[in-house]
Amino acid sequence: MLDRKFLRKEPQIVADAIKAKNEKIDIELWINADSKRRALMLQIEDLRKLRNELSKAVSMKKRNGENADSEMNKSREIGANLSSLENEVAEIDIQLAELENSFPNIPDSDVPLGGEENNVVLRSWGEIPQFDFAPRPHWDLMEGVFQPEAAGRIAGSNFILFRGWAAKLQRTLISWMLDHHINSGMEEIWAPFVATPESMTATAQLPKMDDDMYRIGRDDLFLIPTGEVPLTNLYRDQLLEEADLPVRLCGYTPCFRREAGSYGKENRGLNRVHQFEKVEMVRFEHPDRSDEAHQELLNHATGMLELLGIPYRVLLLASGDLSFAAAKCYDIEIWSAGQKKWLEVSSLSNFRDFQARRGNMRFRPAGGGKPQFVHTLNGSGLALPRLIISLVENGQQADGSIKLPGILAELMGTEVIR
RNA sequence: GGAGAGGUGGCCGAGCUGGUUUAAGGCGUACGCCUGCUAAGCGUAUGUAGGGGUAACUCUACCGAGGGUUCGAAUCCCUCCUUCUCCGCCA
């Protein structure tokens with residue numbers, strides 16, 4: 001959510017951001033409703049003041065045993081007036097809230113304008129593996145341990161069922177990544193995998209992503225589409241002390257996505273599924289340090305890829321590719337040798353105070369003074385299916401066996417999976 | 001699922017037979033004083049949001065959320081959420 005004062009003062013910046021993010025909403029609607037609301041509030045507050053004074057007079061007179069009928073009648077009239085004005089304001093408030101929820105965050109000034117084609121590759125690491133045979137896609141290499149048909153029988157199409165070493169590999173990676181985060185000072189969180197509409201609104205999956213999420217209608221809950229939701233909402237409506245910052249969290253969660261209308265070749269195998277596992281990093285930062293924190297999250301995520309020996313590149317997303325709530329976002333893409341393409345395995349965003357304002361997450365400055373909104377950041381660290389794709393496809397050998405990077409070989413108890 | 005008890009400012013906690021409470025008091029925090037340091041003590045200030053004014057300042061709202069009763073609601077009524085205790089059910 002954007003600050004109302006900002007909306008009043010800088011409508012053009014907001015309009016530009018709406019355009020840059022390809023949203024369709026008109027700020028004029030908000031401006032009109034807001035000024036109408038303020039005019040009404042002026043009247044309401046005057047009437048309330050009058051009524052408060054009358055009330056006081058009634059109270060005094062009654063205590064002295066005097067008659068207060070005329071004050072009470074006046075007050076009654078005011079009450080009738082007030083309730084009709086208050087109803088008007090209530091309607092406007094609903095409009096305003098809807099509009100405010102629909103304004104996207106403002107992209108940072110260093111974010112390139114335009115769509116996906118304007119994303120900038122900031123850096124890359126590692127050599128793209130070469131083979132003296134034709135490398136195969138993961139669904140071939142994982143035949144027997146990755147069984148989409150079995151998953152389909154259980155839950156419908158586009159779900160994952162792993163067995164044997166694939167199941168163990170996933171569990172091992174989750175555990176290793178969490179330990180990696182914990183060792184760098186993050187606190188591990190195990191949170192609910194469902195969340196209320198309020199939580200979804202605070203992190204801004206609602207209203208925009210409604211159609212992309214699974215909803216449990218009977219209890220009005222959503223299956224979380226990312227660990228960002230529970231980890232960030234941990235501090236919804238909370239007041240932190242400056243000394244508490246930064247709060248550095250990590251946690252494993254499954255992520256549920258309807259991926260409505262996305263079928264086809266691009267989505268074969270593990271590329272795009274309805275449920276995937278992910279380790280998420282979330283950070284609550286002092287506004288002055290969020291840029292630095294963003295870099296740290298990025299370096300932390302890429303550090304893991306370097307340990308695993310997976311070639312990657314880092315993209316700075318252009319405005320049109322930026323999510324609704326983000327001010328700035330880096331994507332990390334890793335190489336898929338079998339499919340010969342880059343796969344997004346992590347998205348690291350700085351939301352500045354956008355989510356904090358929606359979720360009322362604040363801190364009290366060290367020297368006292370008014371509470372301020374924190375900055376929230378998050379990033380995948382990392383998403384499992386595509387990481388597994390890359391490990392399997394990049395590590396494949398001519399006979400179809402898979403060579404594991406040293407660190408994983410140790411954890412899995414074998415250097416080569418057959 | 002059933003019964004009961006709670007939800008008040010950063011925290012604790014009074015008020016809850018409706019009207020000088022426009023939320024007491026304490027803790028914490030900030031500043032100052034005093035004690036030759038420290039501890040203790042004393043004094044003052046200190047909720048959030050919005051509006052008006054150049055300004056000292058001032059007005060309005062907020063006591064889990066939303067409705068209702070009333071001239072007037074933290075206080076009475078209804079619905080919902082949530083926490084705790086007991087019972088039931090359950091991996």
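The sequence lines fix the lettering, A, B, ..., with proteins before strands; numbering per chain opens at 1.
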(request) Specify the separation, in whole Å, of atom CG of Asp219(A) and atom C1' of G1(B). (result) 14 Å

(request) Check the angle between the aromatic planes of Phe193(A) and Tyr252(A) and answer parallel, tilted or perpendicular using the 30° and 60° thresholds. (result) perpendicular

(request) Hey, can you tell me if His181(A) and His300(A) have their rings parallel, tilted or perpendicular (30° and 60° cut-offs)? (result) tilted

(message) Counting only side-chain heavy atoms from C-beta out, which of G19(B), U60(B), G72(B) sits nearest to Lys49(A)?
(response) U60(B)

(request) Take atom CG of Asn73(A) and atom C1' of G72(B), then tell me their distance rounded to the nearest Å. (result) 14 Å

(message) Whole angstroms only, please: what is the CD-C1' distance between Glu198(A) and G66(B)?
(response) 13 Å

(message) With a 4.0 Å cutoff (strictly under), does any side-chain N or O of Arg48(A) reach OP1 or OP2 of G50(B)?
(response) no

(request) Consider only side-chain N and O atoms of Gln339(A) and Asn271(A), and report whether a donor and an acceptor are under 3.5 Å apart. (result) yes

(request) Give one of base, sugar-phosphate or nothing for Arg37(A), where a contact means two heavy atoms less than 4.0 Å apart. (result) nothing

(request) Both distances under 3.5 Å, Watson-Crick or G-U wobble: report the partner of A56(B), or none. (result) none

(message) Just to be sure I understand the rule, does Arg357(A) reach a base, reach only the sugar-phosphate, or reach nothing, if contact means heavy atoms closer than 4.0 Å?
(response) nothing

(request) For G4(B), give its Watson-Crick or G-U wobble partner with both distances under 3.5 Å, or none. (result) C84(B)

(request) Could you tell me whether a side-chain N or O of Asp26(A) sits under 3.5 Å from a main-chain N or O of Glu28(A), the two making a donor and an acceptor? (result) yes

(message) Taking the minimum atom-to-atom distance to the side chain of Arg63(A), which one of U20(B), U48(B), G72(B) wins?
(response) U20(B)

(message) Tell me the interatomic distance from Asp34(A), atom CG, to A49(B), atom C1', rounded to whole angstroms.
(response) 15 Å

(message) Measuring only the C1' atom in each nucleotide, how far is G72(B) from U54(B)? A whole number of Å is fine.
(response) 37 Å

(message) Using Watson-Crick or G-U wobble geometry with both distances under 3.5 Å, which nucleotide pairs with G36(B)?
(response) none

(message) Taking only the C1' atom of each, what is the distance from G41(B) to U35(B) in whole angstrom?
(response) 9 Å

(request) Could you tell me which non-hydrogen atom of Arg236(A) sits nearest to which non-hydrogen atom of Ser199(A), and how far apart they are? (result) NH2-OG, 3.0 Å

(request) Sort out the partner of C90(B) for me: Watson-Crick or G-U wobble, both distances under 3.5 Å, none otherwise. (result) none

(request) Can you tell me the pairing partner of G43(B) across any strand shown, Watson-Crick or G-U wobble, with both distances under 3.5 angstrom? (result) C31(B)

(request) Please tell me which of the listed nucleotides, G72(B), U48(B), G52(B), lies nearest to the side chain of Pro371(A)? (result) U48(B)

(message) If you assign each of Ser59(A) and Arg362(A) to its closest nucleotide in RNA chain B, which residue comes earlier from the 5' end?
(response) Ser59(A)

(request) Can you see which heavy atom on Ala17(A) is nearest to which on Ile106(A), and at what distance? (result) CB-CD1, 3.6 Å

(request) Quote, to the nearest angstrom, the P distance that separates U82(B) from A30(B). (result) 38 Å

(request) Between U75(B) and A24(B), how far apart are the C1' atoms? Round to whole Å, please. (result) 15 Å

(request) Using atom CD1 of Ile92(A) as one end and atom P of G50(B) as the other, report the distance to the nearest whole Å. (result) 18 Å

(request) Give the nucleotide from the list G10(B), G50(B), A49(B) with an atom nearest to the side chain of Leu239(A). (result) G10(B)

(message) Suppose we define a pair by two distances each less than 3.5 Å, Watson-Crick or G-U wobble; what does A74(B) pair with here?
(response) none

(message) Both Leu42(A) and Asp46(A) contact RNA chain B. Which one's nearest nucleotide lies toward the 5' end?
(response) Leu42(A)

(request) Let me know the distance between CE of Met60(A) and C1' of U22(B), rounded to the nearest Å. (result) 14 Å

(request) For the pair Phe284(A) and Tyr235(A), name the ring-plane relationship: parallel under 30°, tilted 30 to 60°, perpendicular over 60°. (result) perpendicular

(message) Between C76(B) and C90(B), how far apart are the two C1' atoms, rounded to whole Å?
(response) 40 Å

(message) When you measure from the side-chain N and O atoms of Asn52(A) to the phosphate of U60(B), is any distance below 4.0 Å, counting only OP1 and OP2?
(response) yes

(message) I need the CG-P distance between Leu50(A) and G72(B), as an integer number of Å.
(response) 13 Å

(request) Fit a plane to each ring of Phe159(A) and His274(A), take the angle between them on a 0 to 90° scale, and name the class: parallel (under 30°), tilted (30 to 60°) or perpendicular (over 60°). (result) tilted

(message) Between G10(B) and G4(B), how far apart are the two P atoms, rounded to whole Å?
(response) 32 Å

(request) Please determine, for the side chain of Lys5(A), which listed nucleotide (G10(B), G51(B), G72(B)) has the closest atom? (result) G51(B)

(message) Expressed as a whole number of angstroms, how long is the span from Arg76(A):CZ to G72(B):P?
(response) 8 Å

(message) Suppose we define a pair by two distances each less than 3.5 Å, Watson-Crick or G-U wobble; what does C11(B) pair with here?
(response) G26(B)

(message) Between A14(B) and U8(B), how many Å separate the two C1' atoms, rounded to a whole number?
(response) 10 Å

(message) Quick check on G72(B): is either OP1 or OP2 less than 4.0 Å from any side-chain nitrogen or oxygen of Lys62(A)?
(response) no

(request) Compare the minimum distances between each of G51(B), G72(B), A49(B) and the side chain of Lys370(A), then state the nucleotide with the smallest one. (result) A49(B)

(message) Need the pair for U79(B). Rule: Watson-Crick or G-U wobble, both distances under 3.5 Å, any strand; none if unpaired.
(response) A65(B)

(request) Using the P atom on both, measure G15(B) against G9(B) and round to a whole Å. (result) 16 Å

(message) The side chain of Glu45(A) is closest to which nucleotide in this list: G10(B), G72(B), U60(B)?
(response) U60(B)

